[in-house]
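Some notes on the structure that comes next.
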Amino acid sequence: MPNPSRPAWATLTPAQAQILARNEQAVLQLIERGGPLTFSEYMNWALYDQDHGYYAQHEAFGESGDFVTAPLLSSHLARCLAREWAPILDRHGGTIMEVGCGNGQLAADTLEALGRLGQPPTRYWMIERSARQRAAAAARIATSVPQWADRVRIVADWPDDEATIIVGNEVLDALPVTRFRIQDQEPQPLLVAAPEGRLRYVVGDATEALRTELADLALPDGYESEALTGAFGFLEEAARHLGHGVILLIDYGFPRPEFYHPDRSGGTLMCHFRQHAHPDPLILPGLQDITAHVDFTRVAQIAMRLGLTLAGYTSQGAFLLSLGIGEDAGGDDAPGLRARQAIKRLTLPHEMGELFKVIALARDLAVPLQGFRLLDRRRRLLG
Ligand SMILES: C[S@@+](CC[C@H](N)C(=O)[O-])C[C@H]1O[C@@H](n2cnc3c(N)ncnc32)[C@H](O)[C@@H]1O
């Protein structure tokens, strides 16, 4: 249904308008039949529903899509990761699982780089919820690294195997979250309802689970934010599939005191449509990406509860510099200039260098991690 309050940047092509009308009708019917959705249910539907979800239906990535991720900017992240992985694969042997691999660029570049280092993994699992992205990933592997294709398996869910390395770039931010508002000093879940045929938040009843999740915080009335409720199941699966080795997750976010900072009183939700970022997930259902920043303290606490060790936490900039990204800068020719531009974007604090963080969660890892050599901020997470 057309929304008169839609901003100018969200002007749609006729095809997009048709898809949106279909999506809006589908979500309204869902709410009519079952009542208001929790925000987590809504986010799950808007991103992953097979018929209407954003990742199921749209070409999300790249300059021509809605957003760009580090692997799409250049192969530098992959080359740094390969330098981290090579001694681990050498010592512990080798299977890598990449969760939320998107269009497969990171996997292709990592395999290429590990091949050059003479340390290819015995198996590279690519786990991706979206069938559309899995197809794109298969094509990427076939065209970019056909020599390693027989070691790659692309699957929708965690395979029945054990990994030495589990890696995910920008997957935590895509996990459905619980949205809440503090009212009468209690966290109340915000549900997605459809009064008069429009998607709107309504306040639901407080739950014990949400109270417990936020028990260590004293947030003022009116404060709205998200709780990373999808992280537990995700980390539980990751921990279950990790042998001796490391889980490394890269994403934007903060330690808990910064995540729930008084100034961040509207939360951290961020939506992307045609390279435009905005905070309203209720517009353009199924047509835009919806993400939440990551509460890395919560990730560390859950991981430790699952028996893992917090093996490192730092900024993306410090991680890449520790792994020698500067040495990949190249010469003064056009490719060298492009490489330097990408390195700046990945490492400078006002670009992706500081907002993006890297967390390492380990089990009996016998090899020291190099990516936290220059700066390890583990204490900030748990202090
Ligand atoms: C923001 S994209 C990042 C893609 C890629 N890692 C990159 O950096 O370009 C997040 C991807 O994670 C996938 N995803 C989200 N949750 C997942 C899960 N639990 N298991 C597998 N894939 C998941 C989404 O379908 C999407 O393709």
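Just so you know, these numbers use all the heavy atoms, side chains as well, and skip hydrogens, waters and symmetry mates. Whatever order the structure lists ligands and atoms in, that order sets their numbers, starting from 1. Please read these numbers as outputs of a predicted model, since none were measured by experiment.
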Subject >> Option nearest atom 9 (O) of ligand 1 (shortest heavy-atom distance, choices Val171, Thr69, Val167) >> reply: Thr69
Subject >> Per-atom contacts, ligand 1 versus Pro71 - under 4.0 Å to a heavy atom >> reply: 8 (O)
Original post:
Considering only heavy atoms, which of Ala107, Ala156, Gly100 lies nearest to atom 4 (C) of ligand 1?
Top reply: Gly100
Original post:
Any N or O on Gln133 sitting closer than 3.5 Å to an N or O of ligand 1?
Top reply: no
Subject >> Salt bridge Arg116-Glu112, side-chain N to carboxylate O under 4.0 Å >> reply: yes
Original post:
Where does the angle between the aromatic ring planes of Tyr252 and Phe356 fall among parallel (under 30°), tilted (30 to 60°) and perpendicular (over 60°)?
Top reply: perpendicular
Original post:
Per the side-chain hydrogen bond (donor to acceptor under 3.5 Å, both in side chains) rule, which among Arg274, His278, His272 passes with Gln288?
Top reply: His278
**OP:** Only heavy atoms count here, so choose which of Tyr55, Tyr54, Phe234 is nearest to atom 1 (C) of ligand 1.
**Re:** Tyr55
**OP:** Mark the output for Tyr48 as yes if a heavy-atom distance to ligand 1 is under 4.0 Å, and as no if none is.
**Re:** yes
Subject >> Asn169-ligand 1 polar pair, N/O distance under 3.5 Å >> reply: yes
Original post:
Can you find an N or O of Asp173 that's nearer than 3.5 Å to an N or O of ligand 1?
Top reply: no
Subject >> Residue Asp205 excluded, over 12 heavy atoms near CG under 6.0 Å >> reply: no
Original post:
Is Leu106 in contact with ligand 1, taking contact as a heavy-atom separation below 4.0 Å?
Top reply: no
Original post:
So, Arg377 and Glu354, do they make that salt bridge, N to O below 4.0 Å?
Top reply: yes
**OP:** Take atom CD of Gln18 as the centre, draw a 6.0 Å sphere, and report whether it contains more than 12 heavy atoms from other residues, nucleotides or ligands.
**Re:** no
**OP:** Look at the aromatic rings of Trp158 and His241 and report parallel, tilted or perpendicular, splitting at 30° and 60°.
**Re:** parallel
